[in-house]
Every structure is written in C-alpha cells, then in structure tokens.
Amino acid sequence: QAQLVESGGGLVQAGGSLRLSCAASGRTFSTYAMGWFRQAPGKEREFVASITWGGGRTYYADSVSGRFAVSRDNAKNAVYLQMNSLKPEDTAVYYCAFAAGPIGTKIPDEYDLWGQGTQVTVSS
C-alpha cells in the first residue's frame with residue numbers, strides 16, 4: 001500500500017530555517033511528480049512547491065519563491081522542502097503528495113495520495 005510520511009516540522013523563530021522530508025513507499029517513486037502544500041487554520045490548502053519526476057523542473061508559489069527549495073532523491077524515495085527566511089505567515093501544516101499527472105500543478109485535486117502532514121510554527 002502506497003504511503004507518504006512527512007517529518008522535520010517544528011517551532012522556529014522568524015528568519016530561521018527548517019528542512020522537511022517526505023518518505024515515499026509502495027509506488028515507483030521515480031515516475032511521479034511530487035508536490036508540497038500547506039494548510040493554515042481556517043484556510044484552504046494551498047500549493048507551495050512541486051518537482052517533476054526527474055527533478056529537472058521545479059515550481060513555486062509566489063509567496064515562497066526565493067526562500068524555499070524543493071528537491072528529491074529518487075534513490076532514497078524521498079522529497080525535501082528546504083525553507084529559509086521563515087515568516088510567521090508560513091505557519092501551517094505541510095503536506096507532501098503524489099501528483100496524478102506528469103507535472104505537479106497548483107491544484108490539490110490533481111494529486112492522488114497525501115501524507116499526514118507535519119506542523120511548522122514560526123514565531124515572531
């Protein structure tokens with residue numbers, strides 16, 4: 001059974017950094033584009049970043065571009081999100097997901113399997 005498990009969340013001060021990891025199993029990981037999303041209390045789930053199956057192309061939300069970096073290691077069946085210069089508005093539960101298509105889009109419905117999420121809290 002395929003699953004995704006996120007880790008690396010925590011509490012950090014504004015301006016700090018965190019690196020999230022997402023471990024995949026049960027699928028041929030290297031054939032899937034992957035995405036990162038986040039959801040803050042009372043808000044809809046929003047796109048953060050995505051990466052194509054080979055890692056050659058990455059996409060970012062405007063709100064995180066230049067601060068966050070998505071990468072993957074297909075040999076380890078893992079995708080990562082390096083988050084720098086964190087802001088209080090980055091506080092949310094962060095999720096990784098398998099894309100249903102060849103490119104990870106900004107639309108949550110175009111992802112077909114999600115992890116349980118990891119909490120990121122940025123204090124001011």
>> Checking the side chain of E6 only, and the main-chain atoms of C22 only, is there a donor and an acceptor separated by less than 3.5 Å?
In response: no

>> Cation-pi check for Y111 against R45: NZ or CZ below 6.0 Å from the six-membered ring centre and within 45 degrees of the axis, yes or no?
In response: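 Because its charged atom misses either the 6.0 Å distance or the 45° angle limit, R45 does not stack over Y111.
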
Which atom names give the shortest non-hydrogen contact between [X] and [Y], and what distance separates them?
X	Y	answer
L4	M34	CD2-CE, 3.9 Å
V120	G9	CG2-CA, 4.1 Å
S124	P88	CB-CG, 3.8 Å
S85	S17	N-OG, 4.3 Å
A33	G101	CB-O, 4.1 Å
A40	T91	CB-O, 3.7 Å

Side-chain donor-acceptor pairs of residues 51-62 under 3.5 Å, sequence neighbours excluded:
unit_1, atom_1, unit_2, atom_2, d
T52, OG1, G56, N, 3.4
T52, OG1, R57, N, 3.1
T52, OG1, R57, O, 3.3
R57, NE, Y59, OH, 3.4
Y60, OH, V70, N, 2.9

Report whether [X] and [Y] are members of the same hydrophobic cluster (ILVMFWY, side-chain heavy atoms less than 4.5 Å apart, transitive linking).
X	Y	answer
V122	L81	yes
V64	V12	yes
L113	F29	yes

>> Given F37, which partner from the list Y95, Y94, W114 fulfils the ring pair (Phe, Tyr, Trp, His ring centres under 6.0 Å) test?
In response: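 It is W114; the other options fail the test.
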
Within-4.5 Å side-chain heavy-atom neighbours: [X] and [Y]:
X	Y	value
L86	F68	yes
D90	R67	yes
S63	R38	yes

Distance (rounded to the nearest 0.5 Å) between [X] [atom1] and [Y] [atom2]:
X	Y	atom1	atom2	answer
C96	Q116	SG	CD	8.0 Å
N77	R72	CG	CZ	9.0 Å
Q39	E46	CD	CD	9.5 Å

>> According to salt bridge (Lys or Arg N to Asp or Glu O under 4.0 Å), who are the partners of D112, at least two apart in sequence or on a separate chain?
In response: R27

> Could you go step by step and tell me if L11 and Q119 meet the side-chain contact (heavy atoms from CB on, under 4.5 Å) rule?
Replying inline: CA-CA 8 Å; L11 174 63; Q119 175 71 47; over 6 Å; no

